Amino acid sequence: MTPDPLDSFLSQSSWMSSLTCEEAKRVRSSVTVRSFAAGSAVFARGMPPAHWAGVMEGMLKLDNITEEGRISTFAGVPSGAWFGEGSVLKDEPRPYAVTALTDSVVALLPRSEFLRLLHESHPFALWLIGQLNARLAHYVAQVQTDRLGDTTAQVAYSLSGLFNDALFPNTARRITLSQEELGRLSGVSRQVANRALQELQDRGAIRLGYGSIEVIDLKVLQSIAREG
DNA sequence: ACATTAACGATGA
DNA sequence: TCATCGTTAATGT
């Protein structure tokens, strides 16, 4: 008997451990799992937020496309992370598109079940506050880096954000992410992302592969992100 | 100065 | 064969 991938994913999700047995069972029976090919849309911009979602495998991004076709990426979502609570809480159309960057598997918890947990489970509500607070801290630091740091620091921060323990507890050391996508995530061109990544590699923070980045020394990466 | 877009060839999967 | 990478040139602020 191989363990169900959904069961093992849920047991690795930190908020699950704060639930009662019945709550956990209800979650388990209401979650659905869907696979997405690289490049396909997980949620379209403007759709009502029917689910809270967790990334079981792969990597997603949250982005917007302007009328002229320019892309700005707000966030990368590595496997292990749950996301989309903002839209679910507000019950407003999703303000950005969610796209699979690699072949991905996503767990979907219906909005009604998410709200029920929020209302019934104090531990879950506390966990959610911590999550929102960690995300806020991340973006505050991102703004500081973008204003005070050079482009290498910006790229280093965006990359290290994917390894933020509070937000993304289980990110593998090596992630499949092209330099083009990391550039979008960092707000710089691919060429500048390329130069920054080579500097990060020269300084021993990362190792570059074909279509992938391996973090060798997260401490060094984070300290470069604080330079400017 | 330094970033951006466009373009090119080289190379990995 | 196609995506990705490393690099250079022209251009903009």
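Below, chain A is the first sequence line, B the second, and so on; all start at residue 1. All figures in this text were calculated on a predicted structure; none of them were measured in a lab.
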**Request:** Please state whether the rings of Phe114(A) and Phe124(A) are parallel, tilted or perpendicular, taking 30° and 60° as the class boundaries.
**Result:**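 Perpendicular.
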**Gln198(A) versus Asn194(A), side-chain donor and acceptor atoms under 3.5 Å** =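 Yes, because at least one side-chain N or O of Asn194(A) sits under 3.5 Å from a partner of the opposite role on Gln198(A).
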**Asked** Any side-chain donor-acceptor pair under 3.5 Å between Thr20(A) and Glu23(A)?
**Response**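 Yes, a side-chain donor-acceptor pair sits under 3.5 Å.
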Send over the distance from [X] [atom1] to [N] [atom2], rounded to a whole Å.
{"X": "Leu101(A)", "N": "dT4(C)", "atom1": "CG", "atom2": "P", "result": "10 Å"}
{"X": "Leu182(A)", "N": "dC5(C)", "atom1": "CG", "atom2": "P", "result": "10 Å"}
{"X": "Arg207(A)", "N": "dC5(C)", "atom1": "CZ", "atom2": "C1'", "result": "18 Å"}
{"X": "Glu199(A)", "N": "dT7(C)", "atom1": "CD", "atom2": "P", "result": "14 Å"}
{"X": "Leu208(A)", "N": "dT7(C)", "atom1": "CG", "atom2": "C1'", "result": "15 Å"}
{"X": "Tyr210(A)", "N": "dA10(B)", "atom1": "OH", "atom2": "P", "result": "15 Å"}
{"X": "Ile213(A)", "N": "dT4(C)", "atom1": "CD1", "atom2": "C1'", "result": "12 Å"}
{"X": "Arg195(A)", "N": "dT7(C)", "atom1": "CZ", "atom2": "P", "result": "7 Å"}

**Request:** Give one of base, sugar-phosphate or nothing for Gln191(A), where a contact means two heavy atoms less than 4.0 Å apart.
**Result:**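 Gln191(A): base contact, heavy atoms under 4.0 Å.
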**Message:** Can you confirm whether Arg28(A) is buried at CZ, in the sense that more than 12 heavy atoms of other residues, nucleotides or ligands lie under 6.0 Å from that atom?
**Reply:**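 Atom CZ in Arg28(A) is packed in, count exceeds 12.
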**Asked** Looking only at side-chain N and O atoms, does Asn194(A) come under 4.0 Å of OP1 or OP2 in dG6(C)?
**Response**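 Yes, Asn194(A) has a side-chain N/O under 4.0 Å of OP1/OP2 on dG6(C).
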**Asked** Does a side-chain N or O from Ser178(A) land closer than 4.0 Å to OP1 or OP2 of dA3(C), or not?
**Response**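 No, outside the criterion.
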